[in-house]
Structures are given as structure tokens and as C-alpha cells.
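Computed from a predicted model, the values in this text were never measured in an experiment. Within every chain, numbering begins at 1; the chains are lettered A, B, ... in the order of the sequence lines, protein sequences first and strands thereafter. Side chains are part of it too, since the values below use all heavy atoms of this structure and drop only hydrogens, waters and symmetry mates.
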Number of protein chains: 2
Amino acid sequence: MSDAQPYIARRPKRADGARNYDAILSAARKAFETQGADASLEDIAGQAGVAIGTLYRHFPTRASLVEAATREGLAELISRAEVLAGTEDALAALSEWMRLAVRHVSTFRGLVGILTRSMYDEGTPSHAACSAMHSSGAHLLRAAQDTGQVRGDLTADELFDLLSGAAWVRENAPADRDGSTRFVQMGLEGVMARPDAG
Amino acid sequence: MSDAQPYIARRPKRADGARNYDAILSAARKAFETQGADASLEDIAGQAGVAIGTLYRHFPTRASLVEAATREGLAELISRAEVLAGTEDALAALSEWMRLAVRHVSTFRGLVGILTRSMYDEGTPSHAACSAMHSSGAHLLRAAQDTGQVRGDLTADELFDLLSGAAWVRENAPADRDGSTRFVQMGLEGVMARPDAG
DNA sequence: ACCTGAACACCGTTCAAGT
DNA sequence: ACCTGAACACCGTTCAAGT
């Protein structure tokens, strides 16, 4: 019944394989940043100095290449959440993490879309990372709700709506202005518990 | 120096041309709604019962087809703004319009992206409509600021960040939940003037 | 195990021929 | 004026042959 496990790329042990794997990843990151998530795979292979078949051998789908290219960044983001969770001010921790997350998740055009889909689709290479990110965010949110700093009725999914909306805005903003900072700030203010509420 | 004027599709006068034009638009709307803004043009032509060359004759670019397919909806949205501008409660008017706008701008996957780019790029078929939409929103915003219901420091561009972020979330939400309602509501609350501020 | 690149498939776009 | 569909171009993907 369940779909096949998604393919997760692994760095080969053999010297030439490892070298090519690294070169492809590096070229992919550069290409994604300049052309977006739908950058030409042929170009990426060319920039990496390998034949197109080699790219496909290491990364059989575009999703697996994106996953590998963003793996480190997402892992970093999750470990940041753990550190912030041990912090005094729960709302400050949540705000700071949201800011970091928005930036990571919008490093190139098309990333938020891929990650958002991955969050709710298990058959996807980035699903595991997205799930972990969801837990991290949910944890920080709950903490800020427990201290009464954030409304109790906000769900984690809604928090991620705010995150992905802000990231999309940042992705698509004209280069000269980054609307996401203000955006997240205001979104969070909309979500804070009001002293005058009730 | 300036780019050529963007091509704006016009309904032909000759009977067969008009018939095909309508059939293509109707097929395009259906295709965009089910497959998104990057639906196959060949499929659309096929569904409309015309050859691919006929589609290109009426709509030389994908952007021109999208513009024609969304023209009515955007015009409706702008006239709605005019009606709401004559309303008593300026904040209620702004909220209601935002809700309508989010829905219109996310009728199919990929639309927000196209319209957001159009807003800041004059060489684009939808630029005129987006500009008008910008004015409508800015007008309603200013009214709600004049009554002191919304923070004075919010810019129209930031309002449209909120609008497009919410629309993107709605576009990409799993079919079973529409996060945008809550999203806009909270975004607006984050933007409302606080009784306890200062 | 890994690499290469020709071959195939698909789709967007153009244009010569037709009514 | 408008329509048709073959032709071309481009790019993603596969796979037989090679080291």
C-alpha cells in the first residue's frame, strides 16, 4: 500500500565517485541560487565537469538533488532550535528561530514550495528533514504558549503557514528589498497574547 | 530604452476567431485550475478543439493567456474595492477586501507568483491590472490608517507582502485545509493599532 | 563501481501552406 | 483574417558500452 521509500543520496566511497558527487552538489547549489530550483540539470552537470549520466547516477531525481543540497542547512536549523529551547525567554527564542528558518527555507527560488510539499508527503526525500523541522518549531511554539506569551489556540501548522508565507515573500521579493523581516515580526505580533485580551 | 509594450490579447470580431478565442480561454481556465499556471499549452489547445498555432495566434505568450484568463476576476476585485471604500468601518472594509483578494489571487497554483512579478515589472501583460490593484489596496489601507485603526507605519508594499504570502499559502495548502483565512486574520491583527501601544 | 554520451521522449514555439 | 499541423529546438531521462 505505502509508496516506495524515497531515494536519499549517499556520498560514494570511491575517490572519483566522491569527487564527482561533491562537484555536482557544489554546482547545484550555485545553480539553484542563481536560477532557482528548476535550474537545468544539464548545466549543473556541465559546471561540475561530469556527463549527465553521472549526475543521474548520484541523484536519480531532482528532489534527491535538492534534498542533498539543503541537508546541512536544515540540520543546522534543527540543532539551533535545540539550543534556543534551553533559553530563558520562550517568545524571543521562537521569534529568533522563525527568522533563521525563513532565511534558510528561502535560500533559492522554489525551495519553500518543495519543502512545504515534503512536509505533508512521506514519499519525498526531504520529508524526514521537514518532519524534524516541524517538531522543532512545534516545541518552541508550545513553550511560548506555556509561558502565556503566545495565544494558546495557534497550531503548529498555522505557525508553518506563517513561516512558509514569509519565506515565499522573501524568495520572490525584488532584490532590493527583503520584506520578510517585517512580515514575520508582524505575523508574530498578530499571534502574541494581548494584555488587553479577554 | 523602454521595453516593448506587453501584448494584450483581444477578442477577434470574426465569428470563427471569436469562437476559438472563447474556447481557448475556457479550456485554459480549467487547465490552470487543475494543473497550475504551467499547464501544457498543447493540452489546452486540444481541449479547446483548435490547433496549437491558433492558440499562439491569439495568445503569443503564456503570460498573455494568463492575463486574459484572469482579467475579469481582477476587474471585479478592483470594483469591489471602490464599493468598500464608501463603507463606514474602514478596517472592516480593508479586511473584507483582503479576504476577497487572497481568494482571487490564488485561484490556481502559480498565479500569485505571476501577479507579484507583474506588479513590479512594467513589461508584463498583467502589470496594468496589478497596478490598479495596488492602488485599490493602498487606498483602503490609507483610510484605515486615517481612522487610527491600522498602524501608520505600514506601507502598501508590506500590505501586499501579506496578501501574496497568504495567497501562496492558500495555493499550496493540502486540499483539505485552507490556512489563508486564519493567516490573513492574524496578519491583520499584527498590523492593527494597539489600544495599549505607546 | 562508476563514467560517458548517444538516443529517445516530450513539449514549447515557429512558419509555410491553406481557407 | 484566421486556421492547420509539420518541423525545429530544447531539455529531461534512459541505457548500452566502456574503464
Of all the nucleotides listed (C/dG12, D/dC2, C/dG5), which has the minimum atom distance to the side chain of A/Ala51?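 From the listed options, C/dG5 comes nearest.
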Find the distance [X]:[atom1] to [N]:[atom2] and express it as a whole number of Å.
X       : N      : atom1 : atom2 : result
A/Leu55 : D/dC11 : CG    : C1'   : 13 Å
A/Tyr21 : C/dC3  : OH    : C1'   : 17 Å
A/His58 : C/dC3  : NE2   : C1'   : 9 Å
A/Asn20 : C/dA1  : CG    : P     : 17 Å
A/Arg19 : C/dC3  : CZ    : C1'   : 12 Å
B/Asp38 : D/dC11 : CG    : C1'   : 16 Å

Do the ring planes of A/Phe160 and A/Trp97 sit parallel (below 30°), tilted (30 to 60°) or perpendicular (above 60°)?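 A/Phe160 and A/Trp97: perpendicular rings.
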Are A/Asp157 and A/Tyr120 close enough that a side-chain donor and a side-chain acceptor fall under 3.5 Å? yes
Taking it one step at a time, do A/Leu55 and A/Asn20 satisfy side chain to side chain contact (heavy atoms under 4.5 Å, CB included)? CA-CA 8 Å; A/Leu55 187 151; A/Asn20 285 341; over 6 Å; no
Which residue pairs satisfy the side chain to side chain donor-acceptor pair (under 3.5 Å) criterion with at least one member in residues 28-48 of chain B, sequence neighbours excluded?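 Passing the test, one end in residues 28-48 of chain B: no pairs.
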May I have all residue pairs that pass side chain to side chain donor-acceptor pair (under 3.5 Å) and include part of residues 71-85 of chain A, sequence neighbours excluded? A/Glu67-A/Arg71, A/Glu76-A/Arg80
Please find out if less than 6.0 Å separates the ring center of B/Phe59 from that of B/Tyr21.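 So the answer is yes for these two rings.
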Using a cut-off of 4.0 Å on non-hydrogen atoms, how would the nucleic acid contact of B/Ser40 be classed: base, sugar-phosphate, or nothing? sugar-phosphate
Pairs counted only when both distances fall under 3.5 Å, Watson-Crick or G-U: show me the 5' to 3' dot-bracket for DNA chain C, [ ] for pseudoknotted crossings and | for other-strand partners. ||.|||||...|||||.||
Could you run down nucleotides 14-19 of chain C 5' to 3' and tag each one B, S or - for protein heavy-atom contact under 4.0 Å? BB----
Contacts of type side-chain hydrogen bond (donor to acceptor under 3.5 Å, both in side chains), residue B/Gln149, not counting sequence neighbours: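 Expected list: B/Asp89, B/Thr147.
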Looking at DNA chain D, which of residues 41-50 of chain A put a heavy atom within less than 4.0 Å of it? A/Leu41, A/Glu42
